Protein chains: 2
Amino acid sequence: MCVIARLLSSRVDRSRFRESAISGLYQLYQAPPWEAKLEHNTSESVCPALESESPSARPRGSRHRWRRPVAEPGRSPATLHDVAREAGVSLATASRSLNGSTRKVNEEYRARVVAAAERLGYTPNLSAQAIAKGSTSTVALVVSDIADPYFSSIAAGVIRSAESAGLIVTMAMTERSAERELELVKTLRGQRPRVLILSGSRYVGAELEGALVKELTAFEETGGRVVIISQRELPFDTVQTDNHAGAKALAEALVAEGYRSFAALTGASSLMTSRDRLSGFREGLAAHGIDLTDDRVMQTDFTRDGGYAAAGQLIERGIDDLDVVFAVNDVMAIGAMSGFRDAGIDVPGRLAIAGFDDILTARDVTPALTTVRLPLEHVGQAAIELALGERGGSRAVVTVDGAVVLRASTPRR
Amino acid sequence: MCVIARLLSSRVDRSRFRESAISGLYQLYQAPPWEAKLEHNTSESVCPALESESPSARPRGSRHRWRRPVAEPGRSPATLHDVAREAGVSLATASRSLNGSTRKVNEEYRARVVAAAERLGYTPNLSAQAIAKGSTSTVALVVSDIADPYFSSIAAGVIRSAESAGLIVTMAMTERSAERELELVKTLRGQRPRVLILSGSRYVGAELEGALVKELTAFEETGGRVVIISQRELPFDTVQTDNHAGAKALAEALVAEGYRSFAALTGASSLMTSRDRLSGFREGLAAHGIDLTDDRVMQTDFTRDGGYAAAGQLIERGIDDLDVVFAVNDVMAIGAMSGFRDAGIDVPGRLAIAGFDDILTARDVTPALTTVRLPLEHVGQAAIELALGERGGSRAVVTVDGAVVLRASTPRR
DNA sequence: CTGTTAGCGCCTTCAT
DNA sequence: ATGAAGGCGCTAACAG
């Protein structure tokens, strides 16, 4: 039988992981974080993939090893030099026929070189090329958390555009820490990327911001391009989302739909994105004479789990006087939705809910989520275009507007 | 008013985008793909973020430019040489005090160097370091589509682990094309990464596989590590998910829950992941004397939209004889769920549904999705550990098992 | 412990 | 059109 107890004791899978753990890193498997996440959803049961019933010949969840003709791993990659020698031409000719821009090389030689390269499995060493010509073809992208659909959509846009421009993308995660962000920027600068894109909310009154700006400025002064995605607080080219106007529009739309009593779920007060959206929402309500008082604003993590938790807080506070909850982003809204559902509160029957971003799954939850649509992939694309466009003597700011999307989570009332 | 017509004509946002489009790339904004996606969900209405009502001073959705003291962008980054000179020491000393492993340098000199570096905003050129010491500190990760939560979770695991090991991750997307995958591997090899991780389903009978294996083998023979995530078809270290057993377990669990009449949604028959899961599921049913005939297997895209479309196909075929639908992955299952919902079919009342993977949002849809849990972040982590572990004379295969998670989408019946 | 000097793999004038 | 040689930024022997 499949019982909750099995899951909560988390014995089931751990044993499997233990076996498959890489020596020396064993402790990493002791308490897999993904198991911890299960705690707030106790209405599920887990079956141990029925191994007990399938006495498979091959042991599962373990690490197998068998002989393989492994080559001496000391050999190093073929170099241009090797190719030139193999083709019986000079280094310069090889270089020219393989990567040189203006083809001024005898077709026969060229063919010989290409053949030799093919034979040797030659791939130009990008680092060497970078250092020789003094410029790379990489884009460095910094996001808060790639597992968050907001960022993964933006990243998809960035990567897609970058690739079609022949650029390689390197990515780093700040885990929403300003310190880490600064540190990452420093590290990434070492790559001498052509472009450095910083995605993720800016912080208010950030003391590290000075250092960050300094770092980014230095990068820009030495030929790099930086693009910020989110707020226009930093003095660099920016793709900005109009959080304030979007939230305001949403508020007004909700009022138009008949809602009168609001609550809001926000992230840390230091996150500008959260702040702007809340203030915009407030302003929209105020325009219709509705005051969103502080006791109706719950602050939690800017994440799905934060939203889930906030739902609990709100329930504790009492929801009798509410008819709709606005979460400053979709993942929070969806988390809250699950929270309400697990608490037996009907959405949207008892409480309507709205978010912001229009992440991919917003339309797949039930009820489908009312939100402010942001064309996330295009934001990423716009960032690349901005970076690759000619650099004017001035700063460029692209403002992307949101569009309110009313869905089933906020029915007319 | 906000009416569907506004959305379908897609005039609303396009005008905004037009303004914010980067010159020369205008056409990219002509028909934003994200608008196209709206078509199959006609039960929503979009408001134009009320700009008509807010005569804001600053024009929205446009590109602003204003003067900025832009430095001559010709300057190049400070080099170690510069630092050494500035500090009045030799190149070697500077190198040693900044990056050298064993600190064997006079504390006073060290301080001087560090100060000079700070003053000059020096950052070591990673390319130069790479080429000088003959090894980089990057991990190249290839995924099908980073916007897919399955891959973004794996990527998060990879990035997190890599970063804590001091490695930088570069990422590329195949968009599920075998050709592109091969091409990307060739390009990425040029980075001379320490590790090359290939994520995403393998293909059956892939004619390009030979070339891919050749490329990867060459990479490995010259000191690189390659790790495959998915199937064990390729002769390299692998983190494998036991798709067959997981799907089989799910099938048996569903039978145990009282289900008797099944349908399945699969991806392209060339995708091993899809194939394995289907065959496992079939086997699980067969064990209980249930035959999943071909007319009950719908083949579509391995994506959310594929699932959505398949729901339509299934409805057209008729669902009277079905009581549960198994989709070979969660995004398809969730897409199908939306498809059924939009068609007015009650899930799970009329039709139950189950997926595979346990992506983050599986528990947030309503009803929460029954699935086979895969510890995705840990898969990414395991890949890094495998790659960074000592290289044995043999191939390593880590098999990650799934655990059936029964949720509300498949109530006992 | 510090400085000098070769390279690392490649591109790019500069002659030829 | 081709080849020889210098240099990109840095590290790693090697002397001192």
Side-chain angles (χ1 to χ4, degrees), chain A residues 74-113 116-117 120-137 187 189-193 222-224, chain B residues 74-114 116-117 120-138 189-194 222-224:
Chain A
R75 242 179 62 204
S76 41
T79 73
L80 227 208
H81 196 105
D82 299 333
V83 175
R85 191 155 34 75
E86 173 86 7
V89 299
S90 81
L91 232 175
T93 303
S95 173
R96 284 193 271 257
S97 40
L98 250 26
N99 319 305
S101 45
T102 44
R103 58 187 313 271
K104 313 181 106 184
V105 51
N106 187 313
E107 183 48 37
E108 185 197 323
Y109 279 177
R110 223 192 66 79
R112 280 229 304 266
V113 171
L120 268 42
Y122 169 78
T123 312
N125 183 322
L126 263 31
S127 289
Q129 285 191 162
I131 191 186
K133 47 172 117 172
S135 78
T136 60
S137 55
T187 304
R189 265 191 66 195
Q191 292 232 23
R192 301 285 183 275
T222 55
Chain B
R75 243 179 60 205
S76 41
T79 72
L80 226 209
H81 198 109
D82 300 331
V83 175
R85 190 155 34 73
E86 172 87 7
V89 299
S90 81
L91 232 178
T93 303
S95 172
R96 283 192 273 256
S97 39
L98 251 26
N99 320 305
S101 47
T102 44
R103 56 188 315 269
K104 314 180 109 185
V105 50
N106 186 314
E107 184 47 39
E108 185 198 322
Y109 279 178
R110 224 191 66 80
R112 282 228 305 266
V113 172
V114 170
L120 268 42
Y122 169 78
T123 313
N125 183 322
L126 263 32
S127 289
Q129 286 191 162
I131 192 185
K133 44 175 122 176
S135 78
T136 60
S137 54
T138 75
R189 264 191 67 195
Q191 292 233 24
R192 302 285 185 273
R194 262 234 264 290
T222 55

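Note on naming: letters A, B, ... go to the chains in the order of the sequence lines (proteins, then strands), and numbering restarts at 1 for each one. Predicted model only: the values in this text are computed from it and were never measured.
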Only distances under 3.5 Å count here; give the side-chain donor-acceptor pairs of residues 127-134 of chain A to other protein atoms, sequence neighbours excluded, each with its distance to 0.1 Å.
none

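At a threshold of 4.5 Å between non-hydrogen side-chain atoms, the residues Leu98(A) and Pro124(A) do not count as touching.
Looking at residues two or more places apart in sequence or on another chain, you find no side chain to side chain donor-acceptor pair (under 3.5 Å) involving Ser135(B). Applying the side chain to side chain donor-acceptor pair (under 3.5 Å) test to Thr93(B) and every residue at least two apart in sequence or in another chain returns Ser90(B). Taking Arg194(B) as the reference, nothing meets the salt bridge (Lys or Arg N to Asp or Glu O under 4.0 Å) condition, with sequence neighbours excluded. Checked against salt bridge (Lys or Arg N to Asp or Glu O under 4.0 Å), Arg189(B) has the following partners two or more places apart in sequence or in another chain: Glu215(B). For Thr123(B), there are no side chain to side chain donor-acceptor pair (under 3.5 Å) partners, not counting sequence neighbours. Asp82(A) pairs by the side chain to side chain contact (heavy atoms under 4.5 Å, CB included) definition with Ala78(A), Thr79(A), Arg85(A), Leu120(A), not counting sequence neighbours.
An angle of 40°, rounded to 10°, separates the two end axes of the helix from dC1(C)-dG16(D) to dT16(C)-dA1(D), each defined over five pairs.
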Next item on the list: Assign a letter to each nucleotide of nucleotides 2-11 of chain C from its 5' end: B, base within under 4.0 Å of a protein heavy atom; S, sugar-phosphate only; -, no contact.
Entry: BBB--BBBBS

Next item on the list: Go through Leu126(A) and Thr136(A) one step at a time and tell me if the side-chain contact (heavy atoms from CB on, under 4.5 Å) criterion holds.
Entry: CA-CA 8 Å; Leu126(A) 263 31; Thr136(A) 60; over 6 Å; no

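For DNA chain D, the contact window with chain A, defined by any atom under 4.0 Å from a protein heavy atom, covers dA1(D) to dG9(D) in 5' to 3' order.
Distance CG/Leu80(A) to CG/Leu91(A): 5.5 Å, rounded to 0.5 Å.
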